[in-house]
Undergrad: 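Have a look at this one before I ask anything.
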Amino acid sequence: MCLLSRRELVKSLNLVPEKSRHFRAGCLALQSFCYILCKMASRLDRIAQQRRQKLERIRSRGIEPYPYVYHRSHTTKQALALLNKQEAKSQAKARVVSLAGRITANRPMGKISFLDLRDGAGKIQLCFYQNRLSEETLALFQDLDIGDIIGASGKLFRTKSGEPTLEVESLALLAKSLQPLPEKWHGLADVDKRYRQRYLDLIANTEAMGTFRVRSQVIAAIRQFLNQRGFIEVETPVLQASAGGALANPFTTHHQALDQDFYLRIALELHLKRLLVGGFDKVYEIGRIFRNEGVSTQHHPEFTMLESYEAYVNYQDVMTMLEEMVSEVCQQVMGTTKVRFGGDTVNLKAPWKRLTLRDAVKKHSGIDFVTYPTADGLRDRMRSLKIEVDPKKNWAKLVDELIKSFVKPKLIQPTIIFDYPVSMSPLAKTKRDEERVAERFQAIAGGLEIANAYTELNDPIEQRKRFEEQLKERQGADEERWTIDEDYLLALEYGMPPAGGLGVGIDRLVMLLTNQAAIREVILFPQLREKE
RNA sequence: GGGCCGUUAGCUCAGUUGGCAGAGCACCUGACUUUUAAUCAGGGUGUCGCAGGUUCGAGACCUGCACGGCCUACCA
């Protein structure tokens, strides 16, 4: 009310509008003055102020609007089941139940009001007959708002239209809501707001809630699958003196007391393989890893990775396990192995199609990269297909480019692409008789890279050689932070059993199952730039 | 990092050629005893992202900035 535009200011003060800069400056000063005067009052919008008034009114009647506990007898879901049971018996003796949750809608109908109550299990309709409520309950009811969290008890019945309903006899306010909820029909659409205030997204958009339930169930099902097969879940350090196991840029941090810089881990791999050395046969970790790289619909600076390592098996065995795991997890969580993803239906049922990387690239780009063993040769061939090629890319990166632009987008149904060039797989064992090929595979579905796995390199001398080559390449790119993980090499020197390792991007798997195109949709609180 | 687009009421969105800032939901007042996007009658609640500029006049046009989205680049 105090915040007037210049036009309104002119109107309200009966001024004759002038065009001069002095007049404008004067208006500005006056506006600023009003603004400062009213700032305290206007910080809360109208609705929040009204609700604060209700809050005070409730308090003044001796009711604590934020009490400590409310022991409900049923969830909304249990209440629905109870009503069905009640109705099945001819003796329909309704018992009193108590429910708790958030009010999400209000439909007043004269002396009856219908409200929706939502809890973690679902939703049920409440009904208040104003003439049947006690004076105190009626007063409290009249100060309720959509968004408030309440406890309500009474008897269950069904309305004329068949809606399961609780006729409320007694009412408890459990938390007064001071902010209005997003619009009930369109929900919350502002992407920025949905991420920053995810709780509103969860309240307003049931699909968002569903996505994160699936995420939770997927992780639980994976744990169950691996535990049943004798895998042991472990936890390894996030803070590491040397960030290895992948080629990504790490985040750095600092330990005060030790006065030492640390990296946040970029992979789980090297510590899990130390545990194979230590004698665990089957280990896995589901953990957050951090990569200081660009963000996109498929990349996020922190994401969740499953890595598992099993001694005495090779990548062929891992392929089979992966197929079975994804297939079973999907069946268990979604109730089917067929999921919609974009315009496609992806069937994750095992077994999956398998083909070599060489054949896959040949099939989808027409280039047989084996016949172009040098970076220059391959680059020329790619240019002849009018592919734009970064001249700084080495041979391995050019092959990766071919995979990314030709192979991945074509692979909608789950496919295992195996046998990768050694030069792009420094931690994988070379294939017998094929020096340039590593026993490595990636699984792709819906065009998303879901998993990466290999027969683990356990020859310490060969591993050192590969690390050194990698380091040379990195130092060429003027990256000084890269060091060789000597401790890991020492562990290998004690002897690591032959093993098959697997990495699964949990976020991307959840994207696939929940038909989400952006990784941020499956991360509860995605990283955003700070506002203001 | 580059390109394109966006930011208007608590929410979802209109806003024409530069001419008094407007709809639905939510909210407030009233009616209504089985509603369910309840309905009906009334009420607009706003620093038009921020800062400048052009203009008699800017939500709109120009410049810069912030935040976001998509594409691209980077990224095992």
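All values below were derived from every heavy atom in this structure, side-chain atoms included, with hydrogens, water molecules and symmetry-related copies excluded. A note on names: the letters A, B, ... follow the listed sequences, proteins ahead of strands, and every chain is numbered from 1.
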Undergrad: Looking only at the side chain of A/Glu449 (C-beta and beyond, no hydrogens), which of the listed nucleotides B/rC67, B/rA37, B/rA76 gets closest?
TA: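 In terms of side-chain proximity for A/Glu449, the closest of B/rC67, B/rA37, B/rA76 is B/rA76.
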Undergrad: May I ask you to say what A/Tyr420 touches in the nucleic acid, namely base, sugar-phosphate or nothing, with a heavy-atom cut-off under 4.0 Å?
TA: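 Nothing, no heavy atom under 4.0 Å.
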Undergrad: Taking the side chain from A/Asp148 and the backbone from A/Asp145, do they hold a donor-acceptor pair closer than 3.5 Å?
TA: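 Indeed, once roles are kept as given, a pair shorter than 3.5 Å links the two residues.
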Undergrad: Expressed as a whole number of Å, how far does the C1' atom of B/rG53 sit from that of B/rG18?
TA: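 After rounding to an integer number of Å, I get 15 Å for this pair.
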Undergrad: Please determine if A/Glu469 and A/Lys472 form a salt bridge, counting it only when a charged side-chain N lies under 4.0 Å from a carboxylate O.
TA: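 Between A/Lys472 and A/Glu469 there is no salt bridge, as every charged N stays at least 4.0 Å from the carboxylate O atoms.
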Undergrad: Within the pair A/Lys397 and B/rC75, is there a side-chain N or O less than 4.0 Å away from OP1 or OP2?
TA: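 Answer yes for this pair, as a side-chain N or O of A/Lys397 is under 4.0 Å from OP1 or OP2.
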Undergrad: Could A/Arg198 and A/Phe525 be counted as a cation-pi pair, given that NZ or CZ must be under 6.0 Å from the ring centre and within 45° of the axis?
TA: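 Relative to the ring axis of A/Phe525, which defines the angle, A/Arg198 lies outside at least one limit.
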Undergrad: Taking only heavy atoms on the protein side, list every residue of residues 398-407 of chain A lying under 4.0 Å from any atom of RNA chain B, sorted numerically.
TA: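 Hits under 4.0 Å, by residue number: A/Lys404.
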Undergrad: Is there a Watson-Crick or G-U wobble partner for B/rC74 with both distances under 3.5 Å, and which nucleotide is it?
TA: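 Here B/rC74 is not engaged in any pair, so there is no nucleotide opposite it.
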Undergrad: Roughly how many Å apart are B/rU29 and B/rC5, using the C1' atom of each and rounding to a whole number?
TA: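 43 Å, rounded to whole Å.
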Undergrad: Using modelled atom types only, decide if a donor and an acceptor are shared between the side chain of A/Arg265 and the backbone of A/Thr236 within a distance under 3.5 Å.
TA: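 Here the side-chain-to-backbone pair exists.
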Undergrad: Base, sugar-phosphate or nothing for A/Arg132? Non-hydrogen atoms, less than 4.0 Å.
TA: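 No contact.
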Undergrad: Write down the distance separating the C1' atoms in B/rA23 and B/rG43, rounded off to the nearest Å.
TA: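 Going atom to atom, C1' in each nucleotide, I get 15 Å.
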Undergrad: Of the listed nucleotides (B/rU35, B/rU33, B/rC28), which one gets closest to any side-chain atom of A/Asn131?
TA: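 Shortest atom-to-atom distance from the side chain points to B/rU33.
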Undergrad: Give me the distance, rounded to whole Å, that separates B/rA14 from B/rG24 when you measure between the P atoms they each carry.
TA: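 To the nearest whole Å, 16 Å.
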Undergrad: Is there a Watson-Crick or G-U wobble partner for B/rC67 with both distances under 3.5 Å, and which nucleotide is it?
TA: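 In the structure as shown, B/rC67 has B/rG6 as its Watson-Crick or wobble partner.
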Undergrad: Among the nucleotides B/rU35, B/rA76, B/rU33, which one has an atom lying closest to any side-chain atom of A/Asn452?
TA: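 Closest nucleotide to the A/Asn452 side chain: B/rA76.
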Undergrad: Just to be sure I understand the rule, does A/Met109 reach a base, reach only the sugar-phosphate, or reach nothing, if contact means heavy atoms closer than 4.0 Å?
TA: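 Base, at least one base heavy atom under 4.0 Å.
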Undergrad: Does B/rA21 have a Watson-Crick or wobble partner in any strand here, with both distances under 3.5 angstrom, and which is it?
TA: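 Matched B/rA21 with nothing under the 3.5 Å cut-off.
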Undergrad: Under 4.0 Å between any heavy atoms, over every strand shown, what does A/Ser425 touch: base, sugar-phosphate, or nothing? Just pick one.
TA: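 No contact.
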Undergrad: When all nucleic acid strands are considered with a 4.0 Å heavy-atom cut-off, which category describes A/Pro426: base, sugar-phosphate, or nothing?
TA: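 Touches a base.
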Undergrad: Taking the basic N atoms (NZ, or NE/NH1/NH2) and the acidic carboxylate oxygens, is any pair closer than 4.0 Å for A/Glu169 and A/Arg132?
TA: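 Looking at A/Glu169 and A/Arg132, the cut-off is not met.
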Undergrad: So which of A/Gln463, A/Arg274, A/Gln240 actually passes side-chain hydrogen bond (donor to acceptor under 3.5 Å, both in side chains) with A/Asp485?
TA: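 Testing A/Asp485 for a side-chain hydrogen bond (donor to acceptor under 3.5 Å, both in side chains) against A/Gln463, A/Arg274, A/Gln240 leaves exactly one candidate, A/Arg274.
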Undergrad: Is there a Watson-Crick or G-U wobble partner for B/rU54 with both distances under 3.5 Å, and if so, which one is it?
TA: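 Across any shown strand, B/rU54 pairs with none.
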Undergrad: The side chain of A/Arg196 is closest to which nucleotide in this list: B/rU35, B/rC67, B/rU33?
TA: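 So the nucleotide nearest the side chain must be B/rC67.
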Undergrad: Base, sugar-phosphate, or nothing: which does A/Ile146 touch, judged by heavy atoms less than 4.0 Å apart?
TA: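 The answer is sugar-phosphate, as A/Ile146 gets under 4.0 Å only of primed atoms, P, OP1 or OP2.
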Undergrad: Under a 3.5 Å cut-off for both distances, is B/rU39 Watson-Crick or wobble paired, and to whom?
TA: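 When the pairing criteria are applied, B/rA31 turns out to be the nucleotide that pairs with B/rU39.
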Undergrad: Check whether the side chain of A/Gln130 and the base of B/rU33 form a donor-acceptor pair under 3.5 Å.
TA: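 No, the side chain and the base share no sub-3.5 Å donor-acceptor pair.
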Undergrad: Can you pull out the residues from residues 154-166 of chain A that lie within a 4.0 Å heavy-atom distance of RNA chain B?
TA: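 Per residue number, the list reads A/Phe157, A/Thr159, A/Lys160, A/Ser161, A/Glu163.
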Undergrad: Can you check each nucleotide of nucleotides 6-13 of chain B against protein heavy atoms at under 4.0 Å and return B for base, S for sugar-phosphate only, - for none, in 5' to 3' order?
TA: ----SBS-
Undergrad: Under 4.0 Å from OP1 or OP2 of B/rA38: is there any side-chain N or O of A/Arg107 that close?
TA: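 Yes, within the criterion.
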Undergrad: Give the nucleotide from the list B/rA76, B/rU34, B/rC25 with an atom nearest to the side chain of A/Leu247.
TA: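 Given the options B/rA76, B/rU34, B/rC25, the side chain of A/Leu247 is closest to B/rA76.
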